[in-house]
Structures are given as structure tokens and as C-alpha cells.
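Remember, it's a predicted structure, so these values are computed and weren't measured experimentally.
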Amino acid sequence: MERETGTFVPLDGGGAAVALDEIEIQILRSLAVQLLELIGPGAAEPAEDADPLAVLFAADGPTEPPSDPALARLFPDAYGGPGGDGGADPEEVRAHSAEFRRFTENDLRTRKREDALAVVRSLDALTLDDGLDDGPDEEGVEAAGGAVLELTGELPLRWLGSLNDLRLTIAARLEITEDDESAVLFRLPDDDPRKPMVMAYLWLGGLQETLIETL
């Protein structure tokens, strides 16, 4: 059974598979590499014999939210966001957010880097089809002129995290939120310079949604 590219389907033994053409593979890899550059380095690796509790309390990460809007979406304040306690003292909220960020942001950066690296490495491991139509593979996924990406083990969750991070980043660049998403995204004319980024945002959303359905 032929499958449309860009749609994850479940694997019989667990995991997910998606047929990607060569251009889609290049776009995904480029986006993941740009995400890595945006995130920057994570926390330094502690010594093998280090006490985990001591490492935790020795954390010295940033205390201020990032100035870049995309990074601010990836690493939001833990307190005082939408739906927070409107009666709380703003200075106290900022202090709590700063302390939480100091102990968690570097580790979060590391995890997001690992997710994006997993995307790049799994794409680099693909062998492109020669373009001849040999029919679908045993899972029913066909990718003439591209490749079938199979995600097993921890990779589906790694990809899910990175797809979410990519969409958050693009949303920040487009200055959109969930509330105005449909109105803004679906009504842009074809000659709008934001249109390619919008199409990438929507396509990544489709990948994310179908990957979730396989879990």
C-alpha cells in the first residue's frame, strides 16, 4: 500500500516510519542544524564519580530569560506565564523563575541538543532510493526517489521533542500564537515572503501530529 510522504505510520514491532523525498530530508536536516546553532551548548558533562546531588546544587546556569524571542519560547519562565497567579508579587515571581532557570536551563539545553542531534544523525543514516519504483516495503511505506525513515526505541520521542522545538522556533519568527494561528497561516497570499516558513510550520505540524498518533 502506497503511503503519502510526510505521514508517520506505526511499525508492527513498535515505533514509527515515514517516507521522505530527498528535498524533505534536506529541509529537515537543515532545520535541525539551525536549531542546534540556535540552542548553543548545554551543560558540561560532570565527572563520572561526581555526586549527582552535588552536581545539581552546584548548577550555575543563566537566571535571566533569553532575549531572542525564539529562545524565549524554547526556554520560558517557569512562573508568571499565562494563567499564572495574578495576585502574586511580581518581584517574588521573577526571583522564583530566576532560581528555577539557574538549576534547569543548561540541562534543558542539553536535552534539546540531544533531540536535534538525533534527528540529524537518523537522517544522515538514510540511504536514498535510486528513484526506481520497487514498490512499498514490508511495512507498506513507499519512497521512490527518497527514503523510508524508521524510528524505534527512544527515537520517536527524540523526534517528537525536536519537531515541537522547531515549530516553536518558527512560530516565534512568524510572531504567531495558537490563538491566531489559523487566521494568519491559512490566509497568507502566495507572494507573501513568510509563505515558505508558514508552509514549513504546517508541514512540521503534520509530521508531529501523525508521529503522536503512532505512540
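I170 and A200 get closest at one heavy-atom pair: CD1-CB, 4.4 Å. Here the closest heavy-atom approach between residue P156 and residue L151 is recorded as CG-O, 3.7 Å. Closest of all the heavy-atom pairs between K195 and L188 is NZ-O, 3.3 Å. Nearest heavy-atom pair, L35 versus D165, reported as atom, atom and distance to 0.1 Å: CD2-CB, 3.9 Å. Heavy-atom minimum distance, L123 versus I25: CD1-O, 4.0 Å.
Taken to the nearest 0.5 Å, the CG atom of L168 stands 11.5 Å off from the CG atom of L71. To the nearest 0.5 angstrom, E105 atom CD is 10.5 Å from E64 atom CD. From K112, atom NZ reaches atom CG of L74 across 5.5 Å, with rounding to the nearest 0.5 Å. Between atom CG of residue L126 and atom CZ of residue R29 there is a gap of 11.0 Å, rounded to the nearest 0.5 Å. Summarising the geometry, atom CD belonging to E209 is positioned 12.0 Å from atom CG belonging to L163; distances are rounded to the nearest 0.5 Å. Considering OH of Y201 and CD of Q208, their distance stands at 8.5 Å, rounded to 0.5 Å.
Side chain of R158 to main chain of A116: no donor-acceptor pair is present (N/O by atom type, distance under 3.5 Å, no hydrogens or angles). In this structure a side-chain-to-backbone donor-acceptor pair under 3.5 Å is present from E24 to D21. A donor-acceptor distance shorter than 3.5 angstrom exists from the side chain of T210 to the backbone of L207, with no hydrogens or angles considered. Checking side-chain atoms of R113 against main-chain N and O of G40 turns up a donor-acceptor pair under 3.5 Å. Between the R73 side chain and the T169 main chain, no donor and acceptor come within less than 3.5 Å of each other.
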Can W159 and N164 be said to form a side-chain contact (heavy atoms from CB on, under 4.5 Å), step by step? CA-CA 8 Å; W159 267 74; N164 186 61; over 6 Å; no
Could you walk me through whether T110 and E114 pass side chain to side chain donor-acceptor pair (under 3.5 Å), step by step? CA-CA 6 Å; T110 297; E114 289 172 351; over 6 Å; no
Taking it one step at a time, do L31 and L204 satisfy side-chain contact (heavy atoms from CB on, under 4.5 Å)? CA-CA 10 Å; L31 289 173; L204 291 171; 4.1 Å; yes
Kindly determine whether V9 and T214 satisfy side-chain contact (heavy atoms from CB on, under 4.5 Å), including the steps that lead there. CA-CA 6 Å; V9 296; T214 69; 5.6 Å; no
Dump the intermediate steps for side-chain contact (heavy atoms from CB on, under 4.5 Å) on I212 and F8, then the final yes or no. CA-CA 9 Å; I212 289 173; F8 277 99; over 6 Å; no
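In terms of hydrophobic clustering, with Ile, Leu, Val, Met, Phe, Trp and Tyr side chains grouped at heavy-atom distances under 4.5 Å, I27 and L166 are assigned to a common cluster. V33 and M197 are not part of a single hydrophobic cluster, where members link through side-chain heavy atoms under 4.5 Å apart. Connection of L28 to L155 is established within a shared hydrophobic cluster, with ILVMFWY side chains joined at heavy-atom distances below 4.5 Å, either directly or through further cluster members. Following chains of ILVMFWY side-chain contacts shorter than 4.5 Å, one can reach L202 starting from L211, so the two form part of one hydrophobic cluster. Hydrophobic clustering places W203 together with L149 (ILVMFWY residues linked when any side-chain heavy atoms are closer than 4.5 Å, directly or through intermediates).
A salt bridge between D107 and R111 is absent, with no side-chain N of the basic residue lying under 4.0 Å from a carboxylate O of the acidic one. With respect to D68 and R173, a salt bridge is recorded, a charged nitrogen being found less than 4.0 Å from a carboxylate O.
No hydrogens or angles considered: nothing links the side chains of S30 and Q26 as a donor-acceptor pair under 3.5 Å.
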